[in-house]
Undergrad: 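First, the structure itself, so that you have it in front of you.
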Amino acid sequence: MAVRLVYTLAPYSLQNNDVADIAHKKIVLGVTGGIAAYKAAELTREFARNGIEVQVVMTEAARALVAPATFQALSGRPVFSDLWDARADDGMAHIELSRGKDAIVVAPATGDFLAKLANGLADDLLSTLCLARECPLIVAPAMNRQMWDNPATRRNLEQLRRDGVAILGPASGDQACGEVGMGRMIEAREIAEAVIGSLAPKLLRGTRVLITAGPTFEPIDAVRGITNRSSGKMGYAIARAALDAGARVTLISGPVSLAAPAGAEVTRVETAAQMFEAVKRNVAHAGIYIGVAAVADYRADRPRRDKIKKTDRSQLELQLVPNPDILAWVAARPRPPFCVGFAAESHNLNANADQKRRRKKVQLMVANLAQEAIGSDDNEVTLLDDQGTHRLARAPKTAVARQVIAHIAKLYGAWRRKAG
Ligand code: C5P
């Protein structure tokens with residue numbers, strides 16, 4: 001079948017869209033002098049990978065721990081440390097660097113730096129930037145457990161909370177000093193996730209979104225079954241992006257080894273039949289249904305309770321019966337939610353996916369090449385809806401998910417207005 005009008009010929013880049021992605025965002029990443037400063041390098045990379053412009057500002061002590069060149073290479077921008085840096089156009093780096101930023105993130109934030117912030121001290125570039133800021137301030141404390149437990153630190157944190165500063169972590173665990181306890185900086189990926197979540201536009205505020213993710217497992221006998229290579233990464237990224245967009249998310253997940261996205265209500269299932277039951281229980285309140293799960297098309301007719309023994313016979317016959325099509329069922333309800341499907345195809349991607357979209361009567365189908373998407377951290381997808389096809393550039397699944405959610409939010413608004 002011919003695919004209709006292609007309204008975006010070039011892949012739509014992270015910079016060039018009206019989907020209000022976080023890719024336009026600019027942050028200052030302040031690095032202070034804790035051993036965890038090395039983790040800030042990974043954090044810089046996480047931000048850059050998600051298309052966020054990062055201006056790194058280091059304190060003197062941080063420079064003694066990690067070379068600024070590391071951050072310059074990862075952020076693609078020169079690192080600032082000096083209040084009187086001549087590279088600032090008007091000689092006022094503390095003002096210039098904080099303007100037009102969406103957030104200042106200080107990671108790691110030492111006990112000393114938190115004390116400065118709590119008292120409004122401004123004796124170096126980073127503390128002055130924080131005092132002169134017009135944007136949210138997010139800090140990720142990192143210190144020895146006794147410093148963390150010290151009443152002065154507790155007081156400072158209380159003050160910072162009252163001042164509206166967001167505090168991420170710390171975590172408990174092994175510390176650089178050899179002790180074990182509270183004060184370890186949370187991982188770069190967790191910081192990036194929290195910051196990105198706070199920056200993301202709230203395009204689905206309050207909307208209930210029901211998502212299926214992962215593979216299903218259809219038992220053949222006590223120990224064997226039919227499944228597929230779906231990792232659940234795309235579905236979980238979609239859940240994360242929907243949560244970050246302000247949605248209330250119910251995630252029905254097949255067997256995967258991923259941590260539940262914080263904030264989602266998660267139901268774990270194994271078989272397609274269990275997934276179907278969980279969808280039935282939750283669909284009535286959903287405004288949007290997104291079927292990302294790779295549901296097994298067939299299951300064993302009569303799964304055995306015991307383990308099938310090897311015999312002398314040369315062939316073993318297995319009778320398979322089709323599973324219900326959950327997405328098609330949801331879309332055929334009397335008052336269906338806005339329905340989105342994911343189609344993994346090995347060839348004729350757009351034509352096959354569009355055919356599925358029409359057959360299942362869903363508003364949007366997200367198509368990807370099975371051999372490239374499954375298990376990978378990156379994905380390249382095409383969105384097919386009533387207006388045509390819309391190809392997104394290859395990107396991490398987290399970034400793809402945000403664009404898919406932004407596209408869904410746009411279509412959902414129009415669909416609801418049309419439905420009255
Ligand atoms: O397997 P298929 O390519 O048809 O999957 C396309 C979409 O349909 C996916 O969104 C998938 O979650 C959904 N689906 C379903 N129930 C099935 C098979 C697929 O909901 N039994």
Side-chain angles (χ1 to χ4, degrees), residues 1 3 209-219 225-239 241-242 249-256 266-283 286 288-301 320-333 336-374 379 381-385 389 397 400-401 404-405 407-408 411-412:
M1 162 181 290
V3 176
V209 180
L210 179 58
I211 300 169
T212 64
T216 62
F217 179 89
E218 312 297 331
I226 302 168
T227 188
N228 58 65
R229 292 183 194 274
S230 167
S231 64
K233 284 179 190 167
M234 195 66 229
Y236 276 55
I238 290 282
V249 172
T250 302
L251 175 64
I252 299 169
S253 172
V256 297
V266 183
T267 300
R268 298 199 184 267
V269 296
E270 212 162 62
T271 64
Q274 290 165 356
M275 187 171 273
F276 193 23
E277 286 310 310
V279 167
K280 282 182 187 165
R281 279 199 304 278
N282 287 283
V283 74
I288 299 174
Y289 175 80
I290 313 176
V292 198
V295 185
D297 290 325
Y298 293 91
R299 65 177 186 276
D301 190 12
L320 300 179
V321 291
N323 273 326
D325 191 313
I326 305 171
L327 177 60
W329 179 88
V330 172
R333 279 171 60 82
F338 181 90
C339 285
V340 182
F342 271 67
E345 304 290 339
S346 54
H347 61 283
N348 288 344
L349 180 62
N350 289 8
N352 285 340
D354 203 52
Q355 216 168 13
K356 268 182 198 167
R357 185 179 77 86
R358 288 157 184 273
R359 180 161 43 82
K360 302 193 188 209
K361 296 195 170 57
V362 301
Q363 283 72 38
L364 174 68
M365 191 60 87
V366 182
N368 52 208
L369 282 171
Q371 55 273 38
E372 288 188 19
I374 285 181
N379 204 359
V381 305
T382 300
L383 311 178
L384 299 109
D385 56 40
T389 69
K397 282 180 175 170
V400 170
V404 171
I405 286 295
H407 193 74
I408 290 172
L411 294 183
Y412 177 58

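Indexing begins at 1, ligand by ligand and atom by atom, following the structure's order. Heads up: numbering here begins at 1 and tracks the sequence.
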Undergrad: Which pairs of N or O atoms, one from ligand 1 and one from the protein, are separated by less than 3.5 Å, and what is the distance for each pair?
TA:
from: ligand 1; atom 1: 3 (O); to: Lys356; atom 2: NZ; distance (Å): 2.3
from: ligand 1; atom 1: 4 (O); to: Lys360; atom 2: NZ; distance (Å): 2.7
from: ligand 1; atom 1: 8 (O); to: Lys360; atom 2: NZ; distance (Å): 2.9
from: ligand 1; atom 1: 10 (O); to: Gly291; atom 2: O; distance (Å): 2.5
from: ligand 1; atom 1: 10 (O); to: Phe342; atom 2: N; distance (Å): 2.9
from: ligand 1; atom 1: 10 (O); to: Phe342; atom 2: O; distance (Å): 3.4
from: ligand 1; atom 1: 12 (O); to: Gly291; atom 2: O; distance (Å): 3.3
from: ligand 1; atom 1: 12 (O); to: Ala293; atom 2: O; distance (Å): 2.7
from: ligand 1; atom 1: 16 (N); to: Ile326; atom 2: N; distance (Å): 3.0
from: ligand 1; atom 1: 20 (O); to: Ile326; atom 2: N; distance (Å): 3.4
from: ligand 1; atom 1: 20 (O); to: Leu327; atom 2: N; distance (Å): 2.8
from: ligand 1; atom 1: 21 (N); to: Pro324; atom 2: O; distance (Å): 2.8

Undergrad: Determine the minimum heavy-atom distance between Ile226 and Tyr298, stating which atoms define it.
TA: CD1-O, 4.4 Å

Undergrad: Look at the side chain of Glu218 and the backbone N and O of Ala272, then say whether any donor-acceptor pair between them is shorter than 3.5 Å.
TA: yes

Undergrad: Out of Ile374, Asn368, Val404, which one pairs with Asn379 under the side-chain contact (heavy atoms from CB on, under 4.5 Å) rule?
TA: Asn368

Undergrad: Enter the distance from Leu364:CG to His407:NE2 here, rounded to the nearest 0.5 Å.
TA: 5.5 Å

Undergrad: Donor-acceptor pair, distance only, cut-off 3.5 Å: does the side chain of Thr216 make one with the backbone of Ala296?
TA: yes

Undergrad: If you take all heavy atoms of Gly235 and Ala213, which pair is closest and at what distance?
TA: CA-CB, 3.7 Å

